[in-house]
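Just below is one structure, and these are the notes that go with it.
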Protein chains: 2
Amino acid sequence: MSAPSGSSAVRLAAETWESLFRSQVAVMRKLQSGPAFKSLPVKEYDVLFTLSRCPSGQLRLNEINDKVLLSQSSLSRLVDRLEKRGLVERTTAPDDGRGVLLALTEAGRELQKAIGREHVRDIATLVAPALTADEQRELLRLTEKLRASVAGH
Amino acid sequence: MSAPSGSSAVRLAAETWESLFRSQVAVMRKLQSGPAFKSLPVKEYDVLFTLSRCPSGQLRLNEINDKVLLSQSSLSRLVDRLEKRGLVERTTAPDDGRGVLLALTEAGRELQKAIGREHVRDIATLVAPALTADEQRELLRLTEKLRASVAGH
DNA sequence: CAGCGATACATGCAAATGCATCTAGTTTGA
DNA sequence: TCAAACTAGATGCATTTGCATGTATCGCTG
């Protein structure tokens with residue numbers, strides 16, 4: 001209600017974001033320096049991973065772009081690289097001639113799985129000793145709530 | 001104890017990290033597209049911010065490098081840019097001739113404050129509607145605990 | 001249904017990034 | 001004490017990124 005209370009709400013939000021961001025940096029730094037990403041950069045793996053989670057097996061480029069922190073043009077060229085390596089395939093979207101559907105090739109699926117196995121172990125090695133299972137569930141809930149709220153403008 | 005329980009602990013850790021990461025992407029995407037970062041890229045602001053928080057007003061490049069997701073060489077050149085713009089100053093560390101201390105100039109301090117004010121408001125606009133104050137405090141606690149654990153190997 | 005703005009993705013180009021390596025200063029241990 | 005190993009940071013160079021823009025398709029409106 002009072003002026004300081006408004007200001008402290010802003011401060012709390014800022015400190016929360018700062019902490020979330022720094023923890024992400026710390027974890028990502030460890031993960032990407034591991035041997036799992038010698039054969040494929042993390043950002044490229046992330047696209048393979050996103051495709052592997054998708055029920056239909058296909059995603060539009062703009063849908064992928066929402067999930068990764070890359071400009072549209074950078075994603076377009078990242079996909080060029082993946083395609084050149086035979087890990088994904090572009091198809092024109094059937095219902096929209098402008099759109100491009102991306103799908104994993106068999107090689108892409110296998111590479112994703114191989115890296116994924118190692119990656120998941122690396123994650124567990126970092127996260128499991130840091131937080132209890134209950135804390136992890138709460139962190140999962142809070143970050144998902146934040147993401148959903150931000151995504152919905 | 002059973003096989004699935006070990007595997008589900010790994011899965012929980014992976015899902016927690018995934019959610020943390022995606023929420024970071026979603027928030028960062030909004031923040032960096034705002035008008036606050038028209039005059040200075042986010043990564044460069046982050047270095048100014050880090051310096052502004054530091055009690056002594058000076059930090060070694062390798063200390064800064066721990067906080068940001070950049071290679072050593074990229075940070076070195078990012079600091080070149082900041083220095084060329086007159087926002088920071090390099091000094092040889094008095095106790096270690098190899099080291100470089102970085103400090104804000106007056107112009108750097110002012111630009112950080114100006115961008116910071118707007119940035120903090122943007123953060124609050126995204127975070128405050130998403131999570132209650134208690135939830136933010138809990139998210140802050142959990143991410144800080146994770147960061148501390150990961151930083152300490 | 002014609003034309004105009006909007007959307008999806010690609011591309012030219014300048015800037016930023018990372019890897020490998022270099023230089024210089026520091027620490028270690030025989 | 002001094003050479004070898006190590007650490008901090010800078011730099012050459014190839015790759016990646018983003019901005020601005022181009023091309024093709026879509027959808028709306030008169």
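Everything numeric here is computed off the predicted structure, so don't read it as measured data. Numbers restart at 1 for each chain; the letters A, B, ... are given by sequence-line order, proteins then strands.
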- Query: Are any non-hydrogen side-chain atoms of B:V100 and B:R60 less than 4.5 angstrom apart?
  - Reply: no

Original post:
Side chains of B:I64 and B:L51: does their closest heavy-atom pair fall under 4.5 Å?
Top reply: yes

Rounded to the nearest 0.5 Å, the OG atom of A:S23 sits from the CG atom of B:L146 at a distance of 5.0 Å

Distance col, row A:E44:CD vs A:R81:CZ, nearest 0.5 angstrom, shows 5.0 Å

Please report, rounded to the nearest Å, how far the [atom2] atom of [N] is from the [atom1] atom of [X].
| X | N | atom1 | atom2 | value |
| --- | --- | --- | --- | --- |
| B:L78 | C:dG18 | CG | C1' | 14 Å |
| A:N62 | C:dA6 | CG | P | 18 Å |
| A:L61 | C:dT7 | CG | C1' | 13 Å |
| A:R90 | D:dA24 | CZ | P | 16 Å |
| B:D96 | C:dT23 | CG | P | 19 Å |
| A:N65 | C:dA8 | CG | P | 11 Å |
| B:L82 | D:dG9 | CG | C1' | 16 Å |
| A:L40 | D:dT15 | CG | C1' | 15 Å |

5'-most contact on DNA chain C (nearest-nucleotide basis), A:V79 vs B:R81, goes to A:V79

Report task. Following the transitive rule for hydrophobic clusters with a side-chain heavy-atom cut-off under 4.5 Å over Ile, Leu, Val, Met, Phe, Trp and Tyr, establish whether B:L12 and B:L142 coincide in one cluster. Result -> no

Check your understanding: Any link between A:L102 and A:L40 through a network of hydrophobic side chains (Ile, Leu, Val, Met, Phe, Trp, Tyr) touching at under 4.5 Å?
Key ->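 Yes, same cluster.
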
Tell me which residues in residues 42-60 of chain A put a heavy atom below 4.0 Å from DNA chain C, sorted by number, or none.
->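 Listed by number, they are A:R60.
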
(request) Output all residues satisfying salt bridge (charged side-chain N to carboxylate O under 4.0 Å, His left out) with B:R147, sequence neighbours left out; order by chain, then residue number. (result)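 So B:R147 forms a salt bridge (charged side-chain N to carboxylate O under 4.0 Å, His left out) with B:E144.
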
Hey, is A:R85 close enough to A:D80 for a salt bridge, meaning N to O under 4.0 Å?
no

Salt bridge present between B:E138 and B:R141 (N-O < 4.0 angstrom):
yes

Where do N or O atoms of nucleotides 20-23 of chain D meet protein N or O atoms at under 3.5 Å, pair by pair?
none

Walking DNA chain D from its 5' end, the first of A:S74 and A:G97 to be reached, judged by nearest nucleotide, is A:S74

- Describe the nucleic acid contact of A:D80 in one word from base, sugar-phosphate, nothing, applying a heavy-atom distance below 4.0 Å.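 Answer is nothing: A:D80 stays at 4.0 Å or more from every strand.
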
Once you apply a heavy-atom cut-off of 4.0 Å, does B:L70 come out as touching a base, just sugar-phosphate, or nothing?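 Sugar-phosphate contact only.
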
Closest of D:dG18, D:dT7, C:dA10 to the B:R98 side chain is D:dT7

